[in-house]
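As the structure lists them, so they are numbered: ligands from 1, and atoms in each ligand from 1. Computed from heavy atoms alone, side chains included, the values below leave out hydrogens, waters and symmetry copies.
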Amino acid sequence: MALHKPYLDVPGTTIFDADQSRKGYWLNQFCMSLMKADNRTRFKADEDAYLAEWPMSDEQRAAVRARDLNWMMRTGGNIYFLSKLGATDGLSFQQMAGSMTGKTEAEYRAMMIAGGRSPEGNRIVGEQGDAQGAASQSAAWQAWQAQHREPALAAQVQAAHAAQGAAGQARVTASVYSSHVPAIGAAVDHGRTGEPYWAPMFKGFERSKQWMRENTPDVIFLVYNDHATNFDLGIIPTFAIGTAAEFEPADEGYGPRPVPRVMGHPQLASHIAQSVIQQDFDLTIVNELRVDHGLTVPLNLMFGSPAAWPCKVIPFAVNVVQYPVPSGRRCFALGQAIRRAIESYDEPLKVQVWGTGGMSHQLQGPRAGLINAAWDNRFLDRLIADPAELAQMPHIDYVREAGSEGIELVMWLIARGAMADVAGGAKPTVAHRFFHVPASNTAVGHLILENHA
Ligand code: DHB
Ligand code: FE
């Protein structure tokens, strides 16, 4: 099922959605750079040289040189970003907007003084209003099109849809739950997994690695928390989805971990973002993200140390650092929205949803070192058997019983919400369950649930 885009038939209008944003990413970032006086000076001194520094398409560069805003929008530009280019040229918003309408500056100004353009006849493509028809085009855009004959866009889109529709939909195949202690990453990186302290913990994941070899997905939707690594106190998103093509391992102060870079899935991530936001969850879309131990350690536990991760990963970061953090109930409902989003994607991808962090641990204050193995195991029981009831548990119970950092466990409810039984389907199968104390300050918990439609 394609995403609901009711705005495509509004005449003379381009809505800046995830698809447009992906197309226009570097064009818009170039425009942003013009907010610095030094960059404006360099751009004005040698446009071609400055544009060459940005990985835009040739067409986007040509559109910028032509100062054709309709053309820039067509290639993914957004008016608020493009306005930085207009401002660099000394234009007002009225001059910029007017330049896209086919009117002269004076005509456009007169139209606005006379009360502005009427919506009558301009609500839907094909009506008789004055904003119908093709966008005005500069001579440069026309020349470009004459040189680069594009196959009809509608035909291309139709063909792509037909091909994908025939092939099937994406499916959530399993959910995986695991702690993500940085010391586990250090043990892997320094070849210490066989030491007496670590061997029993890694042994618990032997079966998981075998299972992963037999059940490698195409994509992992990996729910984790950023530990004051990519996000500082400048911006604190509650839910952030990584939509980039690649994510570098972060330097958390010890140097970046020597693990492969993580390859994303921009198309599926944008689809999930759009679908989940349309289901009334407010996600932050992150196009630049460095991933910390919260994401890389579970990959090691499940895959070992390959030269490249064997599948794509969509990072999904949840704020559990600064209160208020999202409730278990909201995380559980979000998981359900994520499953609907994944299973409405028109490509037969196998997708696993992972929940990481926990189990009981407290990293701060005189109560540091708190471990509540009985509570953790009861959490695993409830997560398997009655997650809807578990999702009602308030934060204070996590903190009191599982330690202040045990709050990371709310993220497991996102992965659990993505299982089919929550929406009336069959119960998942428990493929593996493991619990071990300690890894550093933490109780390590682990679960693999196979999904059945
Ligand atoms: C530890 C555990 C964590 O989940 C974390 O993010 C940092 C440290 C620990 O047990 O040391
Ligand atoms: Fe953590």
Side-chain angles (χ1 to χ4, degrees), residues 176-190 192-193 195 197-198 200-202 204-205 222-233 236-240 242 247 249-257 259 262 289-302 313 315-323 325-326 328 331 354-373 375-376 379-380 383 395 398-399 401-415 434-447:
V176 173
Y177 309 81
S178 151
S179 306
H180 62 208
V181 181
I184 296 175
V188 170
D189 299 343
H190 298 114
R192 295 177 22 199
T193 60
E195 292 180 359
Y197 180 88
W198 287 112
M201 203 279 309
F202 283 99
F205 285 85
L222 204 158
V223 180
Y224 74 111
N225 63 297
D226 181 80
H227 299 79
T229 300
N230 191 80
F231 303 116
D232 57 24
L233 294 180
I236 306 172
T238 299
F239 297 119
F247 306 93
D251 182 343
E252 299 178 56
Y254 308 101
R257 291 195 59 211
V259 292
V262 170
L289 177 68
R290 286 178 185 267
V291 289
D292 73 10
H293 69 270
L295 183 136
T296 58
V297 166
L299 289 174
N300 283 120
L301 286 172
M302 297 303 290
V313 178
F316 190 85
V318 179
N319 166 45
V320 293
V321 172
Q322 181 179 317
Y323 279 61
V325 306
C331 288
W354 290 16
T356 74
M359 294 195 90
S360 54
H361 61 307
Q362 174 146 342
L363 301 175
Q364 48 135 337
R367 204 164 80 121
L370 184 129
I371 296 284
N372 189 341
W375 189 92
D376 285 344
F379 186 94
L380 292 171
L383 188 73
H395 288 147
Y398 290 83
V399 176
E401 296 295 331
S404 47
E405 281 62 48
I407 192 65
E408 288 180 343
L409 283 168
V410 291
M411 296 185 289
W412 291 30
L413 287 163
I414 296 178
F434 175 65
F435 183 75
H436 174 84
V437 178
S440 184
N441 308 285
T442 301
V444 173
H446 173 45
L447 201 57

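Every heavy atom of G294 sits 4.0 Å or more from the atoms of ligand 1. Note on ligand 1: E405 sits outside its first shell, no heavy atom being nearer than 4.0 Å. For P182, the heavy-atom gap to ligand 1 drops under 4.0 angstrom.
The backbone N or O of N372 sits less than 3.5 Å from a side-chain atom of S360, completing a donor-acceptor pair. Remark: the backbone N or O of Y177 is paired with a side-chain donor or acceptor of H446 at under 3.5 angstrom. A donor-acceptor pair is defined here as one N or O able to donate and one able to accept, closer than 3.5 Å; no such pair exists between the side chain of H190 and the backbone of V188. The backbone N or O of L299 sits nowhere less than 3.5 Å from a side-chain atom of H180 that would complete a donor-acceptor pair. A donor-acceptor pair under 3.5 Å is formed between the side chain of S179 and the backbone N or O of G358. Looking only at distances, a side-chain donor or acceptor of D226 sits under 3.5 Å from a matching main-chain atom of F231.
Atom 9 (C) of ligand 1 has as its closest protein heavy atom N441 ND2, 3.3 Å.
Going from atom OG of S178 over to atom CD1 of I184 covers 6.5 Å, rounded to the nearest 0.5 Å.
Listed by atom number, the atoms of ligand 1 under 4.0 Å from S440 heavy atoms are 9 (C), 10 (O), 11 (O). Near H293, meaning under 4.0 Å from one of its heavy atoms, ligand 1 places the atoms 5 (C), 6 (O), 7 (C). Distances below 4.0 Å separate heavy atoms of H227 from the following atoms of ligand 1: 6 (O). Under a 4.0 Å criterion applied to the non-hydrogen atoms of T442, ligand 1 contributes the atoms 1 (C), 2 (C), 9 (C), 10 (O). Remark: ligand 1 atoms within the under-4.0 Å shell around heavy atoms of A439 are 10 (O). The distance from ligand 1 to the heavy atoms of E408 drops below 4.0 Å at these ligand atoms: 4 (O), 6 (O). Under a 4.0 Å criterion applied to the non-hydrogen atoms of H361, ligand 1 contributes the atoms 2 (C), 3 (C), 4 (O).
Side-chain contact, E252 with H227: no donor N or O sits under 3.5 Å from an acceptor N or O.
Evaluated for a side-chain contact (heavy atoms from CB on, under 4.5 Å) with R257, the options N300, V291, D292 yield exactly one hit, N300.
The atom of H227 that is an N, O or S and sits closest to the Fe ion (ligand 2) is NE2.
The Fe ion (ligand 2) lies under 2.8 Å from an N, O or S atom belonging to E408. Inclusion of H293 in the first shell of the Fe ion (ligand 2) is not supported: no N, O or S atom falls under 2.8 Å.
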